[in-house]
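A short worksheet on the structure shown next.
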Amino acid sequence: MIQRPRGTRDLLPPESRLWQAVEAVAREVFGSFGGEEIRTPVFEPTELFVRSVGETTDIVHKEMYTFPDRKGRSLTLRPEGTAGVARAWLENRLGDRTQPLRMYYIGPMFRYERMQHGRYRQFSQIGLEIVGADTPLADAELLAAMHEFFLRLGFADLEIHLNNLGDPEDRARYQDVIRAALEPRRSELCADCQRRLDENPLRVLDCKVPSCQVAAADVPALDDVAGDASRQHVARVEAHLERLGIPYVRNRRLVRGLDYYLRTVFEVVSPQLGTNAVLCGGGRYDRLIADLGGPAVPGVGFAIGEDRLIEVLPARFRDVALARPAVYLVPLGEAAGAAVLELARGWVREGVPVEVEITGRSLKAALKRADRDGFRVVAMLGDDELAARTVTVRDLAAASQTSVPFTAMPAFWRDLPAASARREAERP
Ligand code: HAM
């Protein structure tokens, strides 16, 4: 039997409904904050990621799916979404439009990760980028949209960790500070961090190996080394968050794993997932478009790991999203069998979702199936009903039965309290 590649997943019904529901909330919320969808290719020239994410990052160094196409050009399955958005902004001259542009995306990303819980080789991100605004207000708006999204899903326990990564000049100085502090303790660092100390010392601060964390604890925080401009910028972002009542913690160790960031950086952590599986990460990237050969256009954005999000989705949201969203229409007898699709089509046209019993189950078997699959409403159509142009409707949640005229079904359906349509969710 052929099996799917390691680190990939099949997204099956009914769980796919959770993904659809989450994505609908993302479109709703990010759209309400002025966002519009952008779809960029799943593969890009390899050089795009080398120049944006950064040559010495783990992602570029060891996690990219890179391959030559038939003409020998090096292509890479996108490991993240921001680089493609920046490239598209440049290539399509989006700078000619009124700025800023708020763009969101939902789609698969690819990283050759070591297998671990919450780490996949194909995973989905929900991202939002604001390009063309350099104000602290832009960062705050982005964070407010993100916070609103999590609230709509019912999250109450997420933590936003925020830090100032300084400006690129500060970072160059900070690299020297890290090297000076850690060079004498080189032997205490893991093999990766010994390499990082030479290539990209900032990344040592982010290493999860305990001995590296002990050594890194003595390094001064970047914010202490950073210049006034970046400190003031992040302080203003914090003031906006406080005014909005959006809770956050200042995490002076937060550095992020991609090179394009400066000033504001943040991550969202779920107590259920812990710090090894971050739910969302983002920050400001004012030099990215210039580094790709364009003008100096600022940007700020984040991406949420959708796979991880689904894993810790609040129960209430899950239940509602999983409730079977249809009337189960069961024809009983030959005449009803002939008429049933016409009836179903008429209801569908009126906005009533209908699942027709098409395998010829008996009433008893159909009711059993309805219960098993979490239907709230079973509509039975027999000879008598057909003659009276009604269906006998059993509400499984309320354990009641009524006769409903064909034409009254749309109103009946609309009046059902959606909140109690949860039967499927009660199943293990
Ligand atoms: P990132 O921190 O590399 O940032 O990824 C963002 C989120 O994607 C992570 O917090 C995590 O939830 C999810 N993620 C990453 N790798 C995996 C994986 N192997 N399996 C499952 N989930 C994963 C970025 O990608 C930036 N482009 C975010 C950004 C947008 N910054 C500015 N704009």
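None of these values were measured; they are calculated from a predicted model. Throughout, residue positions are numbered sequentially from 1 according to the sequence presented. All values below were derived from every heavy atom in this structure, side-chain atoms included, with hydrogens, water molecules and symmetry-related copies excluded. When a ligand or atom number is given, it counts from 1 through the structure's own listing order.
The part of Y260 lying near ligand 1 is the side chain, judged by heavy-atom distances below 4.0 Å. Of the heavy atoms in L309, none comes closer than 4.0 Å to ligand 1. At a heavy-atom cutoff of 4.0 Å, ligand 1 is contacted by the side chain of Q125 but not by its backbone. Contacts between C280 and ligand 1 below 4.0 angstrom, taking non-hydrogen atoms only, involve the backbone exclusively.
The single protein non-hydrogen atom nearest to atom 31 (N) of ligand 1 is Y261 OH, 2.5 Å, given as residue, atom name and distance. Counting only heavy atoms of the protein, atom 1 (P) of ligand 1 lies nearest to R256 NH2, 3.6 Å. In this structure, the protein non-hydrogen atom closest to atom 20 (N) of ligand 1 is Y120 N, 2.9 Å. Among all protein heavy atoms, the one lying closest to atom 21 (C) of ligand 1 is G118 O, 3.3 Å. Among all protein heavy atoms, the one lying closest to atom 14 (N) of ligand 1 is F123 CE1, 3.5 Å. Protein heavy atom at the shortest distance from atom 27 (N) of ligand 1 is E80 OE1, 2.5 Å. Remark: minimum distance from atom 30 (C) of ligand 1 to any protein heavy atom is reached at T82 OG1, 2.9 Å. The protein non-hydrogen atom at the shortest distance from atom 12 (O) of ligand 1 is V278 O, 2.7 Å.
Counting only residues at least two apart or on different chains, the ring pair (Phe, Tyr, Trp, His ring centres under 6.0 Å) pairs with a member in residues 244-273 are Y260-Y285. The list of salt bridge (Lys or Arg N to Asp or Glu O under 4.0 Å) pairs with a residue in residues 158-167, not counting sequence neighbours, reads D167-R263.
A side-chain donor-acceptor contact under 3.5 Å links Q213 to the backbone of C207.
Using 4.0 Å as the threshold, G127 has no heavy atom nearer than that to any atom of ligand 1.
Remark: D371 does not engage K368 in a salt bridge, criterion side-chain N to carboxylate O under 4.0 Å.
Side-chain atoms of S230 and N164 include a donor-acceptor pair closer than 3.5 Å. A donor-acceptor contact under 3.5 angstrom links the side chains of T359 and E357, judged on distance only.
More than 12 heavy atoms of other residues, nucleotides or ligands sit less than 6.0 Å from atom CZ of R186.
Checked against a 3.5 angstrom limit, the closest N/O atoms of R119 and ligand 1 fall outside it.
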